[in-house]
Visitor: 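Pasting a structure below so you can have a look.
Atoms within each ligand, like the ligands themselves, are counted from 1 in listed order.
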Amino acid sequence: MWRWAMGILICGAIATAWAHGQTKLSAKWEELTAAEFREAIARAQGTCLLPFGILEKHGPHLPLGTDLLNVRYVAEHGTQQEYAVIFPEYYFGQIAEARHEPGTVAYNTELQMKLLQATTDEMARNGCKKVLIVNGHGGNENLLPYFAQTQLDAPHDYVVYVQRGHEIPRRAEAEKAGPDWHAGERETSDMVVTHPSLTHVDRAKEESGADQKRVHLPENVYTGIWWYARFPNHYSGDGSLATKEYGEADLQSWINTVVRAIRAVKADDESLKLQKEFYEKSRHPLDTSH
Ligand SMILES: [Zn+2]
């Protein structure tokens, strides 16, 4: 009887351990149960990623969601090395300059800011006290630091961090023919790795990705029409040069950068403390001593 009971207990323990080993905690918010979500936030130490994409034309050969697809690939691979919870698909950014192309979804400025604030507020209410926005779209490069700055307007019990850019592996021939900024050799190479079935390298020569240089201004003078003036086809570079090897090297560099960012954000105990101090002092600036 005892041996029989012990046998059942041992089998049960093995089965439980096996089942536990099989159910790896997903990093994706939408895949977690409510109970798992609680566990995920604890394991992530309140650090959550908001991978930020866009819907816009990417030359004649890449899908509209290229930036979203790539940034999510990087976030998913990065969190396998350093755990953090990943917010679902988000693509409500700045892309006014592509309004003349089919498939662009360009929300107005007010909505972009409000939706982003509401999203990070909701993330924080659910325990994401450190929100790391991982930018996948060049057109957001001014929006996201500005959004982070606006967090100082009113008190928040969480910190917004923005991860932008990574070291791009250099190639001997790189940028000889001009900039490789959009749907060109590098981005197409990334897509060859992340979504080969959606990547049509054979169509990459159907349009030109050359810099059209239609406005002449000094480098330190900015104007909103600059991108349209230079790359009206939403194509910068030459996607036909894409290779899997270059894509793998570039993605690895990007993933490493995101992993380093997650680790740094987890280790950062100062930002939230300083924010609190700042909000408190900003309520009565005349008392601030020097
Ligand atoms: Zn892109």
Side-chain angles (χ1 to χ4, degrees), residues 49-78 89-107 112 133-144 162-169 171 174-175 177-201 203-212 224 226-244 246-255 257-258:
L49 302 192
L50 178 56
F52 205 136
I54 205 76
L55 293 175
E56 63 162 329
K57 183 185 174 193
H58 274 77
H61 59 295
L62 297 180
L64 298 165
T66 291
D67 290 353
L68 181 64
L69 295 169
N70 280 339
V71 77
R72 292 197 64 83
Y73 177 95
V74 166
E76 285 166 30
H77 282 74
E89 272 85 355
Y90 196 92
Y91 51 88
F92 316 105
Q94 192 298 119
I95 188 54
E97 66 274 25
R99 279 202 156 118
H100 63 300
E101 295 287 5
T104 302
V105 177
Y107 292 91
Q112 288 170 44
I133 301 176
V134 181
N135 188 25
H137 167 57
N140 282 342
E141 270 164 23
N142 296 312
L143 169 75
L144 294 177
V162 178
Q163 196 286 314
R164 46 189 183 144
H166 64 277
E167 203 179 319
I168 292 164
R171 296 196 356 142
E175 298 205 356
D180 176 30
W181 293 341
H182 198 249
E185 184 178 359
R186 187 184 63 80
E187 200 169 28
T188 307
S189 297
D190 289 357
M191 282 296 283
V192 167
V193 176
T194 64
H195 296 82
S197 64
L198 305 177
T199 304
H200 314 286
V201 179
R203 300 182 202 164
K205 286 276 190 200
E206 286 176 11
E207 287 172 16
S208 167
D211 188 346
Q212 300 195 12
W226 79 273
W227 180 263
Y228 181 80
R230 295 179 67 175
F231 310 105
N233 297 330
H234 278 260
Y235 190 11
S236 163
D238 183 354
S240 73
L241 303 171
T243 64
K244 193 165 172 253
Y246 188 36
E248 279 165 353
D250 184 55
L251 288 162
Q252 197 51 59
S253 167
W254 193 358
I255 291 166
T257 304
V258 168

Visitor: On the 0 to 90° scale, with breaks at 30° and 60°, tag the Tyr90-Phe92 ring pair as parallel, tilted or perpendicular.
Guide: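 The arrangement is perpendicular - the two ring planes meet at more than 60°.
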Visitor: Quick check: does Glu56 have an N/O/S atom under 2.8 Å of the Zn ion (ligand 1)?
Guide: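 It does not: Glu56 brings no N, O or S atom closer than 2.8 Å to the Zn ion (ligand 1).
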Visitor: Identify every side-chain donor-acceptor pair in residues 68-78 under 3.5 Å, counting partners at least two apart or on other chains, and give the distances.
Guide:
| unit_1 | atom_1 | unit_2 | atom_2 | d |
| --- | --- | --- | --- | --- |
| Asn70 | OD1 | Thr194 | OG1 | 2.8 |
| Arg72 | NH1 | Phe87 | O | 2.9 |
| His77 | ND1 | Tyr73 | O | 2.9 |

Visitor: Strictly under 2.8 Å, is the Zn ion (ligand 1) approached by any N, O or S atom of His58?
Guide: yes
Visitor: For Asp67, what is the atom name of its N, O or S atom nearest to the Zn ion (ligand 1)?
Guide: OD1
Visitor: Between the side chains of His182 and Glu56, does any donor sit under 3.5 Å from an acceptor?
Guide: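 His182 vs Glu56: donor-acceptor pair found between side chains.
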Visitor: Suppose we only allow N, O or S atoms; which atom of Glu187 ends up nearest to the Zn ion (ligand 1)?
Guide: OE2
Visitor: Not counting sequence neighbours, which residues clear side chain to side chain donor-acceptor pair (under 3.5 Å) with Ser240? List them please.
Guide: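 So Ser240 forms a side chain to side chain donor-acceptor pair (under 3.5 Å) with Asp238.
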